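In this text, all values refer to a predicted model and were calculated from it rather than measured experimentally. Atoms within a ligand are numbered from 1 in the order they appear, just like the ligands themselves.
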Amino acid sequence: MKKQFIAGNWKMNLTLEEARGLARKLCDGLAGFDAVDVGVFPSFVYLKDVCDIFSDSNVFVGAQNMSMEQCGAFTGEVSGAMLRDIGCTHVIIGHSERRTIYQETNSMINSKLKASLLNNLNPILCVGERQEERDADKTREVVEDQLSGGLLNLTSEEVKGLTIAYEPVWAIGTGKTATPEQANEVHAFIRNTMRSKYDDDTAQSIRIQYGGSVNAGNAKELLGQPEIDGALVGGASLDPNSFLDIVSDAASFS
Ligand code: PEP
């Protein structure tokens, strides 16, 4: 079994003091713990403070988005080099909120993935279908398209060790979770797609997280599925006790 990877997406939440407080509680709660990989993804403006709090720990800190450009006249953007410079090791790319609210296309996501790799950041590539796409039985088609477009021209060397988060859009922030079987089925499809695009080794090296209303009450059942290698957690990651409970559920499957 792979080491599970639990990531907390704090989204556009918290004050600086709250972000620091949450980071300190997690840092204390996870001291010396390395059975599971854990990462937190605060807002850009809190990243440096949170990186400093976790600097002597095993916890990864990453951004929720980044620029596809390297540097220059791109007002309001944050580059991979800047993220690296302040201590980030990870970045979420192609979250459904970026795809739907900010019209990020597969081609933009592909450029961002390339920019993250160029800057030695570990991306979490998010994919997932909308409710109407699932209802129309198009889940596989949509996910396959997101993988093909997102990973265009990336070599097996580049995608080895990648994290992919399967996040059905209808389950994000809604309290509706995919059943463990529904999630596992799409994870297996993602793994097979990676196997046919690359090779078995590459497909096996990839961790596939499930995301969508994961909480301390449903995590264990989801994480116990054979194709689920972790979780990307939104709302429940803002509560240190819930997040730590999810991490400890994951530890039983690592
Ligand atoms: C997310 O933001 O990636 C997410 C899965 O959110 P939530 O857990 O709140 O559904």
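- Across every non-hydrogen atom of S237 and W10, the tightest pair is OG-CD1, 3.4 Å.
- Between H90 and F5, a ring centre-to-centre spacing shorter than 6.0 Å is recorded.
- Here the shortest heavy-atom pairing between A171 and S213 reads O-OG, 2.7 Å.
- Near ligand 1, residues N9, K11, H95, E167, A171, I172, G173, G211, G212, S213, L232, V233, G234, G235 come within 4.0 angstrom through at least one heavy atom.
- More than 12 heavy atoms of other residues, nucleotides or ligands shown are found within 6.0 angstrom of CD on E144.
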Between side-chain atoms of residues 70-83 and protein atoms elsewhere (two or more places apart, or another chain), which donor-acceptor pairs fall under 3.5 Å?
{"residue": "Q70", "atom": "OE1", "partner": "N119", "partner atom": "ND2", "Å": "3.3"}
{"residue": "S79", "atom": "OG", "partner": "A81", "partner atom": "N", "Å": "3.4"}
{"residue": "S79", "atom": "OG", "partner": "M82", "partner atom": "N", "Å": "3.1"}

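- Between R24 and D28 there is no salt bridge, since no side-chain N of the basic residue sits under 4.0 Å from a carboxylate O of the acidic one.
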